[in-house]
Enquirer: 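Below: one structure in structure tokens.
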Amino acid sequence: MTTAILGGGLSGLLLARLLHERGERVIILEAESQYGGLCRSRKAGEFTFDTGGSHIIFSKDQEVLSFMRRMIAKNEQRNNRNTKIFYKGAYVKYPFENGLYDLPAEDRFSCINGFVRTLIAVEKGEILPPGNFREWIDYTFGPGIAGCYMVPYNEKIWKYPTEKMSHHWVDGRIPRPPVEDIIKSAIGIETEGYTHQAVFSYPVDGGIEALVTAIAEPVLPFIRTGFRVTSLRKDAQTWYIGNGHETITANRVICTIPVQHLLPCLEAVPEDVKHACRALVYNSLICVNIGIRGSLPEISWMYIPEQSLGKTNRLSFPSNFSQHTAPPGCSAILAEITHQPGDEVSTIPDKELIGEVMRMLESMKICTPDQIIFASVERQPFAYVVYDLAYQKNISVIKDYCHSRDIPLVGRFAQFEYLNMDGCIRSVMDFVKSYPTE
Ligand SMILES: Cc1cc2nc3c(=O)[nH]c(=O)nc-3n(C[C@H](O)[C@H](O)[C@H](O)COP(=O)(O)OP(=O)(O)OC[C@H]3O[C@@H](n4cnc5c(N)ncnc54)[C@H](O)[C@@H]3O)c2cc1C
């Protein structure tokens, strides 16, 4: 009995590992020449950059966090988060609601005033519970924080109007800050938000790929790279999985590839299922990697809500996670630009994107063009799930259909959910527990 796992990202590799540990036969079919998916890293000279955007290891889920840390073992560097938001030329402490003291006085007033007035109105029942993400932002933070940061930043990263997004996914992910914290933050008493991420880990060597390399280790002989699944057919007890040149057979199939890649592999998919799949919204990502001579501010990463600074929504400083990501005396910067698949940003040549990031870094006084000794661009077609208002209806049509075809969906773009590495690992662990043994 062989189980074929479609996709060799973190989810596919961990699925294979856990099934292999149960004594089962697996084969992982990965389209690219290298396994790892969004968790790959690329070495360029002595620089190492994460190719799917900047990654760190953190989790509220202690079992999953221990697993990730055990995997990288001695290759772990622990870091204290020092994250900022670049706002009107100043570095504001992250999360924004914990950094109000860093704001100009009039913005600080509007943020605290809006927060308190909204809280009172909510408690008096004068504001209805939110019906979309935009309303959720106002309801949770008030119009000041919403207008200064939450709306501009979210629209920059999602490339989607916040009033057309659902809010079901933020519950638990972005908590309503306690009023005491807002007051403390406005008068300059230190508070921490998102404390489960205040200390994070990163591999000393190899970038985030070191985590998936460690996970993949026992199943390396079972990975077929360069196998882009294009057809999938079941006949009695056998699956036939093709790539256009070759067909592999298996008894069971688990999908970790995007549903947008899975459905075209299947015959006779009903029109309503295809329609639901076409309607799902997601973002692609461009990473601009910059290597510089010299040092950087001791910041972990920085959010950039302002449109005037260009398309970058987040800057990370990997050499502040591990110095081994840059040669001695040098530093690494990773600029992330989200965009809609196939939009005009996707057609901008690399050189132009690098030029824009260089100008932005200079205007932010992070580095000057003459310090730059390396620049490259990476592109990821599937980066972020965007929860539009029709998401829940559409995804349930697709999940029901895949279930009826006996194809379990596991992982970020197979489940089509905003899962970080810890969420993928949790999904895989839970899935394997309930997956029948051969
Ligand atoms: C910008 C960004 C930053 C992030 N930062 C963090 C972070 O700091 N911490 C964190 O925990 N998580 C982070 N994540 C999330 C993390 O990257 C994902 O949770 C995780 O990598 C998803 O793994 P996966 O295997 O489910 O999907 P993927 O990594 O997308 O793997 C899917 C695999 O399927 C392959 N594939 C696709 N089509 C086919 C086909 N037809 N045939 C065969 N193979 C195919 C792909 O090549 C890929 O290898 C971040 C994500 C992004 C985009």
Side-chain angles (χ1 to χ4, degrees), residues 4-16 27-41 49-61 64-65 68 79 81 83 157 196-197 200-202 207-209 211-212 215-216 223-232 241-244 248 253-266 282-287 300-301 312-316 318 321 334-339 378-386 409-428 431:
I5 296 165
L6 315 186
L10 170 68
S11 304
L13 295 166
L14 182 60
L15 266 168
I27 179 159
I28 305 158
L29 302 172
E30 166 56 46
E32 300 295 327
S33 56
Q34 177 62 34
Y35 64 82
L38 283 169
C39 294
R40 277 173 295 164
S41 308
F49 292 99
D50 294 342
T51 58
S54 172
H55 279 64
I56 57 161
I57 296 171
F58 69 98
S59 187
K60 283 183 187 165
D61 184 329
V64 168
L65 184 60
M68 291 193 275
N79 294 297
R81 180 187 68 200
T83 294
I157 184 173
H196 61 288
Q197 198 197 52
F200 66 90
S201 301
Y202 192 77
I208 201 63
E209 189 173 303
L211 173 65
V212 286
I215 291 173
I223 304 176
R224 269 289 305 268
T225 52
F227 194 104
R228 182 173 297 279
V229 179
T230 54
S231 65
L232 193 58
I241 310 154
N243 66 357
I248 282 178
V253 159
I254 306 170
C255 170
T256 76
I257 69 177
V259 283
Q260 289 84 349
H261 286 188
L262 172 72
L263 292 184
C265 297
L266 300 169
Y282 63 95
N283 273 343
S284 306
L285 177 74
I286 297 173
C287 295
S300 314
W301 65 92
T312 302
N313 54 281
R314 184 170 76 150
L315 272 180
S316 299
F321 304 172
L334 197 167
E336 291 169 11
I337 298 170
T338 53
H339 65 95
E378 300 278 352
R379 295 170 193 260
Q380 295 290 347
F382 288 88
Y384 287 104
V385 168
V386 179
L409 303 174
V410 187
R412 183 164 167 119
F413 283 100
Q415 288 171 252
F416 212 80
E417 279 175 31
Y418 186 174
L419 298 176
N420 274 328
M421 296 186 295
D422 62 337
C424 292
I425 293 172
R426 172 50 59 204
S427 272
V428 172
F431 172 81

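Indexing begins at 1, ligand by ligand and atom by atom, following the structure's order. Note that the structure is a prediction, hence the values are computed from the model and not measured.
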Enquirer: Can Leu15 and Ile28 be said to form a side-chain contact (heavy atoms from CB on, under 4.5 Å), step by step?
Expert: CA-CA 9 Å; Leu15 266 168; Ile28 305 158; over 6 Å; no

Enquirer: Do any nitrogen or oxygen atoms of Leu419 lie less than 3.5 angstrom from nitrogen or oxygen atoms of ligand 1?
Expert: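 N/O-N/O distance under 3.5 Å: yes.
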
Enquirer: Between ligand 1 and Ile56, is the shortest N or O to N or O distance under 3.5 Å?
Expert: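 Yes, at least one N or O pair falls under 3.5 Å.
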
Enquirer: Below 3.5 Å, N or O to N or O, backbone or side chain included: is there any such pair between Glu32 and ligand 1?
Expert: no

Enquirer: I would like to know whether Arg40 and Glu209 meet salt bridge (Lys or Arg N to Asp or Glu O under 4.0 Å); could you show each step before the answer?
Expert: CA-CA 5 Å; Arg40 277 173 295 164; Glu209 189 173 303; 5.8 Å; no

Enquirer: Nearest protein heavy-atom contact for atom 22 (C) of ligand 1: which residue, which atom, what distance?
Expert: Cys424 SG, 3.7 Å

Enquirer: Does Phe58 form a ring-ring contact (aromatic ring centres under 6.0 Å, His included) with Phe200? I'd like the steps, not just the answer.
Expert: CA-CA 5 Å; Phe58 69 98; Phe200 66 90; 8.4 Å; no

Enquirer: Which heavy atom of the protein is the closest neighbour of atom 35 (C) of ligand 1, given with residue, atom name and distance?
Expert: Glu30 OE1, 3.3 Å

Enquirer: Just which atoms of ligand 1 are under 4.0 Å from any heavy atom in Gly9?
Expert: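 Numbered from 1, ligand 1 contributes 25 (O), 31 (O), 33 (C), 49 (O).
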
Enquirer: So which heavy atom in the protein is nearest atom 25 (O) of ligand 1, and how far is it from that ligand atom?
Expert: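 That would be Ser11 N, 2.9 Å.
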
Enquirer: Please report whether ligand 1 has a polar contact with His261, defined as an N or O pair separated by less than 3.5 Å (distance criterion only).
Expert: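 Yes.
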
Enquirer: Find all atoms of ligand 1 within a distance of less than 4.0 Å from any non-hydrogen atom belonging to Arg228, and give their numbers and elements.
Expert: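 In order of numbering, the contacting atoms are 41 (N), 42 (N).
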
Enquirer: When you measure from atom 52 (C) of ligand 1 to each heavy atom in Cys287, Gly52, Ser316, which option holds the nearest one?
Expert: Gly52

Enquirer: Does any N or O of ligand 1 fall below 3.5 Å from an N or O anywhere on Ile257, backbone included?
Expert: no

Enquirer: Quick check, are the ring centers of Phe382 and Tyr282 under 6.0 angstrom apart?
Expert: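 Yes.
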
Enquirer: Might you point out which heavy atoms bring Phe321 and Ser54 nearest each other, and give the distance in Å?
Expert: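 It is CE1-OG, 3.4 Å.
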
Enquirer: Does an N or O from Leu6, backbone or side chain, lie closer than 3.5 Å to an N or O of ligand 1?
Expert: no

Enquirer: Can you list the atoms of ligand 1 that are under 4.0 Å from a heavy atom of Pro258?
Expert: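 Result: 37 (C).
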
Enquirer: Run the numbers on Ile241 and Leu29 for side-chain contact (heavy atoms from CB on, under 4.5 Å), then give the verdict.
Expert: CA-CA 9 Å; Ile241 310 154; Leu29 302 172; 3.7 Å; yes

Enquirer: Considering heavy atoms of the protein only, find what lies nearest to atom 29 (O) of ligand 1 and give residue, atom and distance to 0.1 Å.
Expert: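 For atom 29 (O) of ligand 1, the nearest protein heavy atom is Leu38 N, 2.8 Å.
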
Enquirer: For ligand 1, is there an atom lying under 4.0 Å from some heavy atom of Ser54?
Expert: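 The answer is yes: ligand 1 sits under 4.0 Å from a heavy atom of Ser54.
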
Enquirer: Are any of the N/O atoms on Val229, whether in the backbone or the side chain, positioned under 3.5 angstrom from an N/O atom of ligand 1?
Expert: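 Looking only at distances, the answer is yes, because the N/O contact criterion of under 3.5 Å is met.
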
Enquirer: Give the atoms of ligand 1, by number and element, whose distance to some non-hydrogen atom of Leu29 is under 4.0 Å.
Expert: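 Per the distance check, 43 (C), 44 (N).
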
Enquirer: Name the closest protein heavy atom to atom 11 (O) of ligand 1, giving the residue it belongs to and the distance to 0.1 Å.
Expert: Met421 N, 2.9 Å

Enquirer: Distance alone, cut at 3.5 Å: any donor-acceptor contact between the side chains of Gln34 and Thr225?
Expert: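 There is no such pair (donor and acceptor under 3.5 Å, judged by atom type) between the side chains of Gln34 and Thr225.
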
Enquirer: Show which atoms of ligand 1 fall inside a sub-4.0 Å distance from at least one heavy-atom site of Ala383.
Expert: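 Per the distance check, 53 (C).
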
Enquirer: Is ligand 1 under 4.0 Å from a heavy atom in the side chain of Ala31, in the backbone, in both, or in neither?
Expert: both

Enquirer: Checking Arg412 side chain against Ala383 main chain: does a donor-acceptor pair fall under 3.5 Å?
Expert: yes

Enquirer: Any carboxylate oxygen within less than 4.0 angstrom of a Lys/Arg side-chain nitrogen, looking at Glu30 and Arg228?
Expert: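 No, Glu30 and Arg228 are not salt-bridged.
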
Enquirer: Which ligand 1 atoms does Gly411 reach within 4.0 Å, using its non-hydrogen atoms?
Expert: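 Heavy-atom distances to Gly411 below 4.0 Å select 26 (O).
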
Enquirer: Taking N or O atoms only and a 3.5 Å limit, does Phe58 qualify as a polar contact for ligand 1?
Expert: no

Enquirer: If you measure from each heavy atom of Phe382 to ligand 1, is any distance below 4.0 Å?
Expert: no

Enquirer: On a heavy-atom basis, which atom in Leu13 and which in Val212 lie closest, and how many Å separate them?
Expert: CD1-CB, 4.0 Å

Enquirer: Test of understanding: given a 4.0 Å heavy-atom threshold, classify the contact between Leu285 and ligand 1 as side chain, backbone, both, or neither.
Expert: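 For Leu285, the contact with ligand 1 is made by the side chain alone.
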
Enquirer: Tell me which protein heavy atom sits closest to atom 34 (O) of ligand 1, plus the residue, atom name and distance to 0.1 Å.
Expert: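 That would be Gly7 CA, 3.5 Å.
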
Enquirer: Can you sort out which atoms of ligand 1 are near Phe227, meaning under 4.0 Å from one of its heavy atoms?
Expert: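 In order of number, 42 (N), 43 (C).
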
Enquirer: Would you check the N or O atoms of Gly12, main chain and side chain alike, for any that come under 3.5 Å of an N or O of ligand 1?
Expert: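 Min N/O separation from ligand 1 is not below 3.5 Å for Gly12.
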
Enquirer: May I ask you to identify the nearest protein heavy atom to atom 32 (C) of ligand 1, giving residue, atom name and distance to one decimal place in Å?
Expert: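 Ranked first by proximity to atom 32 (C) of ligand 1 is Thr256 O, 3.8 Å.
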
Enquirer: Looking at Ile286, is its backbone amide N or carbonyl O close enough to the side chain of Glu336 to form a donor-acceptor pair, meaning the two atoms are under 3.5 Å apart?
Expert: no

Enquirer: Any side-chain heavy atom of Ile425 sitting closer than 4.5 Å to one from Asp61?
Expert: no

Enquirer: Atoms of ligand 1 less than 4.0 Å from Gly37 heavy atoms?
Expert: 29 (O), 48 (C), 49 (O)

Enquirer: Return the closest protein heavy atom for atom 16 (C) of ligand 1 as residue, atom name and distance.
Expert: His55 NE2, 3.4 Å

Enquirer: Hey, mind stepping through Ser59 and Met68 against side-chain contact (heavy atoms from CB on, under 4.5 Å) and telling me if it holds?
Expert: CA-CA 10 Å; Ser59 187; Met68 291 193 275; 4.3 Å; yes

Enquirer: Would you say the side-chain atoms of Thr230 and Asn243 include a donor-acceptor pair closer than 3.5 Å?
Expert: no

Enquirer: Looking at ligand 1, does any of its N/O atoms fall within less than 3.5 Å of an N/O of Arg412?
Expert: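 Checking ligand 1 against Arg412, an N or O pair does fall under 3.5 Å apart.
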
